[in-house]
Amino acid sequence: MPEIKVTPLGAGQDVGRSCILVSIAGKNVMLDCGMHMGYNDDRRFPDFSYITQNGRLTDFLDCVIISHFHLDHCGALPYFSEMVGYDGPIYMTHPTKAICPILLEDYRKITVDKKGEINFFTSQMIKDCMKKVVAVHLHQTVQVDEELEIKAYYAGHVLGAAMFQIKVGCESVVYTGDYNMTPDRHLGAAWIDKCRPDLLITESTYATTIRDSKRCRERDFLKKVHETVERGGKVLIPVFALGRAQELCILLETFWERMNLKAPIYFSTGLTEKANHYYKLFITWTNQKIRKTFVQRNMFEFKHIKAFDRAFADNPGPMVVFATPGMLHAGQSLQIFKKWAGNEKNMVIMPGYCVQGTVGHKILSGQRKLEMEGRQILEVKMQVEYMSFSAHADAKGIMQLIRQAEPRNVLLVHGEAKKMEFLKQKIEQEFHVSCFMPANGETTTIFTNPSIPVDISLGLLKRETALGLLPDVRKPQLMHGTLMMKDNSFRLVSPEQALKELGLAEHQLRFTCRVHIQDPRKEHETVLRVYNHLKGQVLKDYSVQHLPDGSITVESILIQATAHSEDQGTKVLLVSWTYQDEDLGSYLTALLKKGLPPSTS
Amino acid sequence: FFQYCLSGHPTLPCNVLKFKSTTIMLDCGLDMTSTLNFLPLPLVQSPRLSKLPGWVLKDGSTFLDKELKECSGHVFVDSVPEFCLPETELLDLSTVDVILISNYHCMMALPYITEYTGFTGTVYATEPTVQIGRLLMEELVNSIERVPKAQSASMWKNKEVQRLLPAPLKDAVEVSMWRKCYTMPEVNAALSKIQLVGYSQKIELFGAVQVTPLSSGYALGSSNWIIQSHYEKVSYVSGSSLLTTHPQPMDQASLKNSDVLILTGLTQIPTANPDGMVGEFCSNLAMTVRNGGNVLVPCYPSGVIYDLLECLYQYIDSAGLSNVPFYFISPVANSSLEFSQIFAEWLCHNKQTKVYLPEPPFPHAELIQTNKLKHYPSIHGEFSNDFKQPCVVFTGHPSLRFGDVVHFMELWGKSSLNTVIFTEPDFSYLDALAPYQPLAMKCVYCPIDTRLNFIQVSKLLKEVQPLHVVCPEQYTQPPPTQSHRTDLMIDCQPPPMSYRRAEVLTLPYKRRYEKIEIMPELADSLVPLEIKPGISLATVSAVLHTKDNKHVLQLPPKPPQPTAGKKRKRVSDEVPECKPLKPLLSGSIPVDQFVQTLEKHGFSDVKVEDTAKGHIVLLQEAETLIQIEEDSTHIICDNDEPLRVKLRDLVLKFLQKF
């Protein structure tokens, strides 16, 4: 039986290092190629040796699909394509293709230049890797090869984020990447049509969370920032350069404007300006409101938000700083954090999910004494706030997507095992579909039962649909045809056409049965009695005819009467039919053998 | 398969295709050449145009002098300009299921169709097509509404009256179909019916037909369309270009294997080479400005203007034009320039790569930043303060009948230092100029039409090999003014089927197959037999279900099991219900083997007689006779059913079932 196999190399009961192998109808597709923020050793990249021990990845994989530019979805790509070696196509949307190399370069710089790691991918490798990328449009059907096609759907989450449908024949898988089912200040909501995939692979970051209204969260956020600034404190908001950063900048910008606030807002990375350029040029990927008004006012040109200089961190007085990266695991956000952590007037707001092992995760889980590099202990006195602004679907959103796509099976990735377990039960209960949550390296097999498309000759179909118009729908019409299989083509034609195409003649098989009937009358009277008998009630629905030559036909069955050679009181009915009328012919002889009802005339 | 041809204009097509029970409108172009018969709408009171004498018939009657005015030796209608609509009577347009738009020039009649015909379907177009199409409509509505005209002339349209008028009014066709411009609410209502699509997106219509837009290389978001079912494919080619300008290149490969290829929107100037024209444009522009004159470029607010600005960007410094101001005046100038920068995904590769840097794809961003190019919504307001001469002005409308261009024609027409350069190919420049004659300003005609020429068409047709080509009749003969140029027509085999306005074509296509799905349970039950090497057969008896134009074959339901212990039903209840489902038979029966088989099955008195065509096998005791011939077998027996069935099954063993 046809099957779909799924093996997560990353993001199986975990967040980070997204990388999922899918085998569908003989095609192998790798979904995402991410890095893990929680590790600095081999575990940061997926274990590609799982795919093939000694063969080339290019021979094994038909294509690679990257859902969006976050590093936990694309961070291992140059390593995978240039260092392990893969030359096949890599698909992503245009904004992802534009922004991904910049984040990769940033990641490389932090790892190699700052941490001094060796044996990491180089700038040239990033460039070479990006040459293998094919950009796709939303909803465009991309023919990877003759059988395999992929199609991108809008996923919200970040600029250019997409869900992908992977389809071979009638079998299909949808991979959501990260998505958001509610529109926000700069992006629209994820959308997919009722494509009924055999399998939906969905992220489940917020599997158990049902978030309160976004408006409340925003008000809360603004209140906390405002209060801290009012009492002269400093606010640190660790973000990734692209994504939530723009969302929160728009939020603060409008608030500052409305409240006429003077405290400076800074954005810490040189990427910002560039990032905003991308948002301007890819404005078609933002939400409707921004798209509609961009000619009059571009939302990504900020008045109140200025570029940050390292020296500003020591300035007295209140300020708000957006700094990268978002999980406080390295870089500028961590440096500022160290500087400000000791003052209880200050505040750090974590606006998104933090992976285990990061400083962000530690302080969110309540740790206030952190062991930093060199055994130094950092005491955190500043206020720590968590506010979920990550643009992931919550439990409600995940259920909503399942309702939209109507998958036959669901598989959860990109989440924590415990939470997945809860969501899995909920999905199985509500949708009555199987739900899987494989761990990394564990293979899930899903059996599909595809129907087989064949070509039916129009003549045969018309003949059947004409018959199918009969009013009684309870009695289904049976159609009869011959399926001709040649090479890979399947054609359903009428038996006559099949014979003709093969150059064969029909062999006619005919039966003639002699039925003896006690009836002293003349032959033609016997015939009349037979006719009336058949015509009467028994064969109401059939065409029974009495022909001028004295014979009777029931449909194409012929009945003739002759006198018995020896017995005048007996008539012989010759019932003759072809094999095609076997049922009716056999029935008729049995019926006539029972004799005729007493004559009424 | 029918094609209803609602427009006779080859580059502003409007056809309706009836394809497999769906009704699909292909484009709805608006023929605006009708406006050439009207007086220009001046933005500022024009003493010249307001004092024109009314037209008087030869017999001295003056009843038309309010409607028709004499100007520069021609007669013009003094009224709100009107456009020639596609045919609306040829078929009931409320039955149209979908409208496919190929580019922003070919959607200008959309509000007339969607708002006035009872249309309830969906319109499909790409995002740039919709956005820029909206700008074109906005500009059109704006330039007509800002010059309110008290009267609208209709008397002259009376057939009896029109007959008496001088040419070209006398010969104007379909005047009854001329309509005033739509309004912005109508534009918005029409555009709200559009669903956005991307290149190579497969769109299912009612489960019966799939339509797909393909890049056509002519303009931002311009597309050709594939309309196909599983077995028939119609390609609709409209406004395509093979030149490398700003749009994504044309997708030719996907047009292959078409049964019918409908070809519209070829170049209107087949003899002019666009590259040469751009060169001429630049040199004329430079010469005029150097001599202290002004240059007027009547143009649409989107399209070729992007390419012209790009050329000028490279040209102005070397030509010493850095200090000459370039003005782009249109109510949608700003939007057009802004929109052009955000459609990276629809641009050619070079421009796409710029966006990845990230830099704006078009250099006019830099022209604006450095103040070399300035844009204004109209001549009023800010522009009048900034206006410096000599200068270059890009503005519409190319018909010279409305828009800011009318003002500049009046302003600059009297000086021979100035030049008007025609780049848009949609209007005859001499007709456009007629109400402004006599003119002192220089007129240069540099039509830039990047659409396919006949050489490219014949290459394309050779490449994609459609079975049949359908095109407007104009493409099947040389242009009327160059009847010797037989190279300026479509040449293909079989010759193209041509259409003209208000004609209905029957497309030469016959379907033979349809897609049907065999459900897995049924597929499992089939028993394929190899009949010939490589060919296997299986007889299929199944239940056909048809829903939403999709056919599915399922396993027939199992007959209900007779309940044990129940009395046998009466005979009449057992009349066979379904049509007999016995397969056809083929093969022949070797008599010797057949007899052996009979004997094996216990018939000891078998006798064989030869006949002319075969044999007769006699079972003497059973008084049964079996005639065996090459292609037939006849079993004649008494009514002994078990015997007959036994013989039947023995015969069947030798035959193949179909």
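Naming convention: chains lettered A, B, ... in sequence-line order (proteins, then strands); numbering from 1 in each chain. Scope of the values below: all heavy atoms of this structure, side chains included, with no hydrogens, waters or symmetry mates.
- Formation of a donor-acceptor pair under 3.5 Å by the A:Q580 side chain with backbone atoms of B:P583 is found in this model.
- For B:E345, the parts lying near chain A are the backbone and the side chain together; criterion is any non-hydrogen pair under 4.5 Å.
- Proximity to chain A (any heavy atom under 4.5 Å) is restricted, for B:L652, to the side chain, taken from C-beta onward.
- Judged by distance alone, the side chain of B:S632 and the main-chain N or O of A:Q508 form no donor-acceptor pair under 3.5 Å.
- Distance check: A:M479 CE to B:L553 CG gives 5.5 Å after rounding to the nearest 0.5 Å.
- Once rounded to the nearest 0.5 Å, the distance linking CG of A:L509 with CD1 of B:I589 reads 7.0 Å.
- Distance check, rounded to the nearest 0.5 Å: OG1 of A:T141 to CD of B:Q210 gives 7.5 Å.
- Judged purely by distance below 3.5 Å, without hydrogens or angles, the side chains of B:E127 and A:T284 never pair a donor atom with an acceptor atom.
- Contact of the A:V493 side chain with the B:Y513 side chain is registered, since non-hydrogen atoms from C-beta on lie closer than 4.5 Å.
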Handout entry: Candidate pair A:F294 and B:I342, rule side-chain contact (heavy atoms from CB on, under 4.5 Å), full reasoning
Key = CA-CA 10 Å; A:F294 92 102; B:I342 66 158; 3.7 Å; yes
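- The most heavy-atom pairs under 4.5 Å with chain B, out of A:E506, A:H516, A:Q296, A:M484, come from A:E506.
- Proximity to chain B is absent for every atom of A:T93, based on heavy atoms less than 4.5 angstrom apart.
- Taking the six-membered ring where the residue is Trp, B:Y356 and A:F282 present parallel rings, their angle staying beneath 30° rather than reaching 60°.
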Practice task
I would like to know whether A:V295 and B:F339 meet side-chain contact (heavy atoms from CB on, under 4.5 Å); could you show each step before the answer?
Solution key: CA-CA 8 Å; A:V295 176; B:F339 270 116; 4.1 Å; yes
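- Across B:V552, B:L357, B:D640, the residue that shares the most heavy-atom pairs under 4.5 angstrom with chain A is B:L357.
- Counting heavy atoms from C-beta on, the side chains of A:T482 and B:V540 never come closer than 4.5 Å.
- Heavy atoms of B:E359 lying under 4.5 Å from chain A belong exclusively to its backbone.
- You'll find the side chain of B:T539 reaches within 4.5 Å of the side chain of A:H480, heavy atoms only.
- Heavy atoms closer than 4.5 Å to chain B are found in the backbone of A:P450, but not in its side chain.
- Each of A:P453, A:C170, A:G481 has some count of heavy-atom pairs under 4.5 Å with chain B, and the biggest count is that of A:G481.
- Both the backbone and the side chain of A:E496 come within contact range of chain B, each with at least one heavy atom under 4.5 Å from a heavy atom of that chain.
- When the shell of 6.0 Å around NZ of A:K151 is examined, it contains more than 12 heavy atoms from other residues, nucleotides or ligands.
- Of the atoms belonging to B:E641, it is side-chain heavy atoms, and not backbone ones, that fall under 4.5 Å from chain A.
- Taking B:I516, B:I636, B:L337, B:I535 one by one and counting their heavy-atom pairs under 4.5 Å with chain A, the maximum is reached by B:I516.
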Practice task
Could you go through the side-chain contact (heavy atoms from CB on, under 4.5 Å) check for B:I518 and A:S451 one step at a time?
Solution key: CA-CA 5 Å; B:I518 296 187; A:S451 51; 5.9 Å; no
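- Distance NZ/B:K515 to CG/A:L492: 12.0 Å, rounded to 0.5 Å.
- In this structure the side chain of A:N449 reaches within 4.5 angstrom of the side chain of B:E521, judged on heavy atoms.
- Summarising the geometry, atom OG belonging to B:S536 is positioned 9.0 Å from atom CZ belonging to A:F490; distances are rounded to the nearest 0.5 Å.
- Counting only N and O atoms by type, the side chains of A:H137 and B:S200 include no donor and acceptor under 3.5 Å apart.
- Looking at B:L655, only its side chain comes within 4.5 Å of chain A, counting heavy atoms on both sides.
- If you measure heavy-atom distances from B:E530 to chain A, you find no contacts under 4.5 Å at all.
- For chain B, the nearby parts of A:L502 are the backbone and the side chain; heavy atoms of each come within less than 4.5 Å.
- Every residue two or more places apart in sequence or in another chain that forms a side-chain contact (heavy atoms from CB on, under 4.5 Å) with A:Y154 is listed here: A:L138, A:L187, A:W285.
- Contact count against chain A (heavy-atom pairs under 4.5 Å) is highest for B:S335 among B:S335, B:S588, B:A523.
- Taking 4.5 Å as the limit, some side-chain heavy atom of B:L526 sits within range of a side-chain heavy atom of A:L483.
- Interface residue B:I531: only side-chain heavy atoms are found under 4.5 Å from chain A.
- A salt bridge is defined here as a Lys NZ or Arg NE, NH1 or NH2 lying under 4.0 Å from an Asp or Glu carboxylate O, and B:E338 with A:K280 fails to meet this definition.
- Proximity to chain A is limited to the side chain of B:V651, based on heavy atoms less than 4.5 angstrom apart.
- Chosen from A:Q140, A:H94, A:K593, the residue pairing most often with chain B at heavy-atom distances under 4.5 Å is A:H94.
- Within the 4.5 angstrom heavy-atom criterion, only side-chain atoms of B:K532, from C-beta onward, approach chain A.
- Using a 4.5 Å cut-off between heavy atoms, A:D487 touches chain B through its backbone atoms (N, CA, C, O) alone.
- Neither the backbone nor the side chain of B:I626 comes within contact range of chain A; no heavy atoms are under 4.5 Å apart.
- Each side-chain hydrogen bond (donor to acceptor under 3.5 Å, both in side chains) pair with one or both residues in residues 645-658 of chain B, not counting sequence neighbours, appears once here: A:E582-B:R648.
- Ranked by heavy-atom pairs under 4.5 Å with chain B, the list A:V515, A:L592, A:L499, A:L573 is led by A:L499.
- Atoms OG1 and CG, on A:T512 and B:D638 in that order, are 12.0 Å from each other to the nearest 0.5 Å.
- The backbone N or O of B:G587 sits less than 3.5 Å from a side-chain atom of A:H507, completing a donor-acceptor pair.
- Applying the 6.0 Å contact sphere to CD of B:E623 captures no more than 12 heavy atoms from other residues, nucleotides or ligands.
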Handout entry: Steps toward side-chain contact (heavy atoms from CB on, under 4.5 Å) verdict (A:L504, B:F658)
Key = CA-CA 11 Å; A:L504 297 175; B:F658 284 83; 3.5 Å; yes
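- Counting heavy-atom pairs under 4.5 Å between each of A:Q143, A:K486, A:K97, A:H139 and chain B puts A:H139 at the top.
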